[in-house]
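All figures in this text were calculated on a predicted structure; none of them were measured in a lab. Only this structure's heavy atoms are used, side chains among them; waters, hydrogens and symmetry mates stay out.
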Amino acid sequence: MVVPRLSNRPVNPTAARALENAGVHPLLARLWAARGVTQSAETQLQWSSLIPPMQLTRGDEAAIILADAIETHKRLLIVADYDCDGATACAVGMRALRSMGATVDFLVPNRFKTGYGLSPEVVQMAAEHPAGKPDILITVDNGIASVEGVQAALNLGMDVVVTDHHLPGDTLPRALAIVNPNQPGCTFPSKNLAGVGVIFYLMLALRAELRQRGAFASGEGPRLGDLADLVALGTVADVVKLDANNRLLVTQGLRRIRSGQMQPGVRALFAVAARTPQSASTFDLGFALGPRINSAGRLADMSLGIHCLITDDDAQALNLARELDEMNRQRRGIEATMRDEALNLIEQSDPVVRASVCVYHPDWHQGVVGLVASRLKETYFRPTIAFAHAGNHELRGSGRSIPDLHLRDALDLVSKRHPGIILKFGGHAMAAGLTLREDAYETFVEGFDAAVRELTGNADFEPVITTDGSLESGYANTSAAELLRQQVWGAGFPAPMFRDTFYVRQQRLLKGKHLKLSLERGNQRFDAIWFNHGEMLPEFIEAAYQLDCNVWNGIASAQLVIEYACLATR
């Protein structure tokens, strides 16, 4: 395991004072200011502060197309993606469109048979849909790169509306409308909407269009804010940057969940995950619910997850959630086996000499290679790609990166340097996927490593744990812990991590793998725990930790959750 270096996040005292003067709690003011918040408007997380839907390029145009389709009773078909963002986006589209009178169904590709997005094969499946051939296909969380797929749909007499958030290629598909904050010319202030956020925005625009046409007897139309739990779940699970607009969406979703107002499927997922909705956090969405939805797409068919999110039957939702929970258990078992095999392969190949890590095993399940890549990236702190056999003399790879390297740019460089070996690729800075010619694996390994070295200028990388410095003694308590827990933290807006020196009064192992600690700082004593760490610590330590609230026998107390600790220099 690579040893990290501790670093302090730069402070912004001017912004912190401005926030505090606006009524923000002093601790939150300091933390938010260090994360780029400079004015109190960015902390206003009510619906009234949402960026208006009309600012999303071509959203109004797509809304008119869909409103016309509803009025003329055209058949709509949502083409989803097979991850949690795609599943929640599909559920938002299904629920919203049905509430506005649309005839709509969904189709989700099987990642092992038809690949990602609106491919020509998926278009053919859509044309042969049991409910009848649709008039318009609506993509959610995909479609921006589906040039051939959109053309295939047009050839078969079906129009396409694309809603996506991924980066476009050089050529855009010939869709009726493309709604994507990252498409050329879009001036939408937040480029970080998840796929579920994009379709939610389009549904807001559609409701406004139908309302203007007098389509709703009540005048107002359906309460789309009721779908905020789904928007929050997909946004957090897709690990998009939590800018102010996304924090607003997630906050509204968590408020509904905490008040008991959620879809039956979301409630069922909390139940099978043994999590409490009343104290729901982004951790629950990202690490308890999200993986259970994702397990369907990784091991079987994501339609199971979508049905769980769109049913209004509590019993059916619970049965589907139990199936998803069992799949998640299977996924964890497969992942553990693959991870051990990958670590053995890497150790045999002497990874020290490389700037990157690539692993392949012919027996691996291609639905879990992304998780393996993620674990290996954490272990070796290098850009990592794990491959599985995909049939037809092809390998399917999933990669995870580190802050030093934009992974999609690296794959683009390899594809240009070695034409023809990468059959297709796509993704973001921190995660990407590709299909590779089986006979080109060794060439890719060398080419990818060269690209990493060229783009970063490094062959070795040092992980850094960025902290918020010392936690003021007056805030090292349960009240501050609860205050922090209530906030929205996540990608691009990391949860607070503090850094202090402690005297270790006592330490012991729990269940043979968790280190339970009694720590002392000045006149304060703390209970602390370091999960999955079995080695004893020296008498004085410097620790990076999170402030948590531990409840035991109905009594709440402050607890420090250790992320990293080392010998303190005295």
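- Only one option out of Asp312, Asp229, Thr88 pairs with Gln263 in a side-chain hydrogen bond (donor to acceptor under 3.5 Å, both in side chains); it is Asp229.
- Side chains of Asn155 and Gln151: a donor on one and an acceptor on the other come within 3.5 Å.
- Ring geometry, Trp47 versus Phe200: the interplanar angle falls from 30° to 60°, so the pair is classed tilted.
- Asp68 and Arg213 are joined by a salt bridge, as a carboxylate oxygen and a charged side-chain nitrogen come within less than 4.0 angstrom of each other.
- Counting only residues at least two apart or in different chains, salt bridge (Lys or Arg N to Asp or Glu O under 4.0 Å) contacts with residues 167-196 are absent.
- Within the 3.5 Å criterion, the main-chain N or O of Glu220 finds a donor-acceptor partner in the side chain of Arg211.
- Between Arg322 and Glu326 no salt bridge is recorded (no basic side-chain N to carboxylate O distance below 4.0 Å).
- For the salt bridge (Lys or Arg N to Asp or Glu O under 4.0 Å) with Asp325, the lone residue among Arg292, Arg332, Arg275 that qualifies is Arg292.
- Taking the six-membered ring where tryptophan is involved, the planes of Tyr441 and Tyr360 are tilted, since the angle between them lies from 30° to 60°.
- Each of Val123, Asp164, Leu107 was scored for a side chain to side chain contact (heavy atoms under 4.5 Å, CB included) with Leu118, with one residue passing: Val123.
- For Thr235 against Ala194, the heavy-atom pair with the smallest separation is CA-CB, 4.0 Å.
- Closest approach of Ala87 and Met302 over heavy atoms only: CB-SD, 3.7 Å.
- Here the shortest heavy-atom pairing between Asp141 and Gly86 reads OD2-N, 3.4 Å.
- Formation of a donor-acceptor pair under 3.5 Å by the Asn142 side chain with backbone atoms of Val140 is found in this model.
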Task: Pair His389-Leu395, side-chain contact (heavy atoms from CB on, under 4.5 Å): steps then yes or no - done: CA-CA 5 Å; His389 197 264; Leu395 302 181; 4.1 Å; yes
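- For the side-chain hydrogen bond (donor to acceptor under 3.5 Å, both in side chains) with Asn192, the qualifying choice from Asp243, Asn245, Asn182 is Asp243, the only one to do so.
- Ion pairing between Asp412 and Arg408 fails under the 4.0 Å rule for side-chain N and carboxylate O.
- With respect to the salt-bridge test (charged N to carboxylate O, under 4.0 angstrom), the residues Arg437 and Asp439 qualify.
- Residues in residues 213-240 take part in no ring pair (Phe, Tyr, Trp, His ring centres under 6.0 Å) pair, two or more places apart or across chains.
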